[in-house]
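Quick note on labels: first sequence line is chain A, next is B, and so on, each numbered from 1.
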Amino acid sequence: MEEEDEEARALLGDRPEGDSAVRGAPRALPALCDPSHLAHRLVVLLLMCFLGFATFAMTALLPSRLRLNGWGTVIFSSFVCVGQVIFALGGIVNAFWLMEFGRFVFGIGGESLAVAQNTYAVSWFKGKELNLVFGLQLSMARIGSTVNMNLMGWLYTKIETSLGSAGHLTLGVTLMIGGVTCILSLLCALVLAYLDRRAEKILHKEQGKTGEVVKLTDIKDFSLPLWLIFLICVCYYAAVFPFIGLGKVFFIEKFGFSPQSASAINSIVYVISAPMSPVFGLLVDKTGKNIIWVLCAVATTLLSHMMLAFTFWNPWIAMCLLGLSYSLLACALWPMVAFVVPEHQLGTAYGFMQSIQNLGLAVISILAGMILDSRGYLLLEVFFIACVSLSLLAVVGLYLVNRARGGNLNYSAKQREELKLSHTE
Amino acid sequence: MCRCWELYWGWVPCAPTPWLLLSLVCAAPFGLLGEETRKVSMEVISGGPNPQNLLHIWAVGTNSTLHYVWSTLGPPAVVLVATNTTQSVLSVNWSLLLSPDPDGGLMVLPKDSIQFSSALVFTRLLEFDSTKVSEWAAQPSGKPYPPYSLAEFSWNSSLDQATLSAAFQGHPVDDPSGAFANGSLAFKVKAFSGSGRPAQPPRLLHSADTCQLEVALVGASPRGNHSLFGLEVATLDTGLSCPPMKELRSIDDEYAPAVFQLDQLLWDSSPSGFMQWRPVAFSQKQRSRESALPCQASSLNYTLAHLLPRSPVVQAFFGSQKNFCAFTLTFGAPTGPGYWDQHYLSWSMLLGVGVPPVDVLSPLVLGIMAVALGTPGLLLLGGGLFLLLRHKPYSEYQSIN
């Protein structure tokens, strides 16, 4: 939207600064420093991704993404750093309540940044590259998770041998060392905040006015397609993250894997989504038809869970399918919010989506643990299948509602181009 | 050992499926297998100068009887006999039974009504030092301590007619180290008049043709910090070879969370007796998933009779045996939960005749799957049809324009 406005303003020439922005000659900024240039935006994208990496490296299970939107981001990023330090301290002094408090502070920071990053991505990359950007952000986040899964355990054993004792001290020191990535994220936040301010001045983007204001009263304006998107999101992720959390013993007991292989197969979902998310992002960007892709992703996840529950087929197949469908869904689902929600409500929409996703994950994680302890893995898998099925129901419903109302969620890329051009005429 | 891979609901044994169907078909006329309910009675038979006790459980069906004779004369043992009449009785000759040559001291009459008979003897309680596990050693559980011979235990028995259960609690007669000063090894027997499933894990499905044995080690002091315990079990060979042990794998772990395997020992005969258990033991009385210990069963080996503690009851019924088939069960792993947590260990098994009970998927699972797969499909179908039908008048309107 901002780009269209820019183009409109530049063509009509009703703002004197607009002319200089279009011509750009007096300033002669190098490509890397020019906020309107793709190269600069790529730098910004890199920084955004590293924000996500750092936070994910510290929270394997909580899907918190570091976001960016002005100085608020820096504050929340500091919360993340402080929270991690408190968490590590709790480990060192062996006080579980302190660790819980540290996680609480971390969560305030991490999750509050979540909203702004999505909104920010939309504001910098809306148009053709949005799907790809979401894919890349997810990719980096997943790399962070994978690094966490594989590195922290190794780090713990190294520190254990050097300190000579297992237990809380080793845990605390490990967490403190890991917290270095949070410092990295704080640095990224600072740099991005500066670049963001700079772009605002150069490109006159009304960034402060669009998407940053989160008003809870906006919730009553959410349309039915948006609620369906929320439902898809909650139900889908509830069947993926808790499963990965509880999956290691499943692979050891049912398929006879060794603990190392079980860890490896558990993390394959993240390992696959790291390279595949940008690919799928590009794919969805080129073809459009987001709902169809979401339908494919959810159906594939359903298939994957059924394979794991009801057969003894090599679980690598099912987990690879899960990894692929998980990447595809993220690339196709999150950008859909931007298509159904007006700019000024985007922040609220993403915030709400993030919020209920995490609430859903919290509740479902507890429920999953209870089901597993009392009724075993088969019933747990059946429960996840029911969640995915509910998600599938929501996708089908979304498709029908969108079709019936003539909505634009399932437009192909070509149709979106035509829509954009017809808007500017 | 034979591994069987299961693709669908329930269990399918390695032995060819036609055999299973055939046995179901052929056995039916005998009325020995698949009895819905049986009338179960228990009695304690005492005799001899130092009153010794035998526990006799008999389950009478429509035209068959199952006799379980549990004894703690020597090592704990059970003689399992299936007859094809409701009138079979057990006859005990105490003077013979307690003599050095007890052949014929235990009989089920009439002899020609006996369809199947076998025995299980629990010979030794083993203990391993799991901190000394060496990769190349024969013992994956660790270096073994000297085992406790269960023939040298003295037993207290108790009976509960209301719940059809009995318990034998034992401790070594000679206990120089005082390991069993505050503890005991208990064998709890429970008979069933119908099919059902206990509330406590491992929730083995039992039928009227089975009885359940629970072995519990409580309070005994281990000889090391990380001791693993084991049990040596001996059975009669089937003449030609030792009975095969099967590991059945299934997708269904509803009743024993995180245990996807069922182990079976089948005496190859028709009708056949079986011993069935889940390869899991528990280290806490509450028996939750956190306290589950893996249970490894070794394969059956021929063992000369004189290397095992002598069981008078087995010799009394079956005569002198040259060989037994013995295997060991080891409970626990070097890391994770273990006996050391609460000095408690519990393991259950089923013993019976006929077709081993099979677990099938519960209606809950089937119901959820039906709804989960059916509803989106129906919605897609219905919605698609609706949209298709709705489009027709619209497209006509456009063509006029």
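Contacts between A/A394 and chain B at a heavy-atom distance below 4.5 Å are absent for every atom of the residue. Residue A/V382 touches chain B through both its backbone and its side chain, counting heavy-atom pairs closer than 4.5 Å. Contact annotation for A/L380: neither backbone nor side-chain heavy atoms come within less than 4.5 Å of a heavy atom of chain B. Looking at B/T375, the atoms closer than 4.5 Å to chain A (heavy atoms on both sides) sit in the backbone and in the side chain alike.
B/I251 places none of its side-chain heavy atoms less than 4.5 Å from the side chain of A/T311. Between A/E253 and B/V259 there is no side-chain heavy-atom pair separated by less than 4.5 Å. A 4.5 Å side-chain heavy-atom check between A/L302 and B/L373 finds at least one atom pair inside the cut-off.
Judged as a ring-ring contact (aromatic ring centres under 6.0 Å, His included), the pairs with a partner in residues 378-401 of chain A (not counting sequence neighbours) are, in order, A/H305-A/F384.
In terms of heavy atoms, B/P257 sits closest to A/S374 at CG-O, 3.9 Å. Listed here is the closest heavy atom pair of B/R289 and A/Y377: NH1-OH, 4.0 Å.
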Side-chain donor-acceptor contacts of residues 361-369 of chain B below 3.5 Å, not counting sequence neighbours, with atom names and distances?
from   : atom 1 : to     : atom 2 : distance (Å)
B/S362 : OG     : B/E254 : OE1    : 2.5
B/S362 : OG     : B/E254 : OE2    : 3.4

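In terms of modelled atom types and a separation under 3.5 Å, the side chain of B/D253 and the main chain of A/L378 share a donor-acceptor contact.
Counting heavy-atom pairs under 4.5 Å between each of A/L372, A/L379, A/V249 and chain B puts A/L372 at the top.
Listed by sequence position, the residues of residues 339-346 of chain B in contact with chain A number zero, using a 4.5 angstrom heavy-atom cutoff.
Expressed to the nearest 0.5 Å, how far CG of A/L400 lies from CZ of B/F386 amounts to 9.5 Å. Between the CG atom of B/L378 and the CG atom of A/L393 there is a distance of 10.0 Å, given to the nearest 0.5 Å.
The salt bridge (Lys or Arg N to Asp or Glu O under 4.0 Å) test applied to B/R197 returns B/D359, not counting sequence neighbours.
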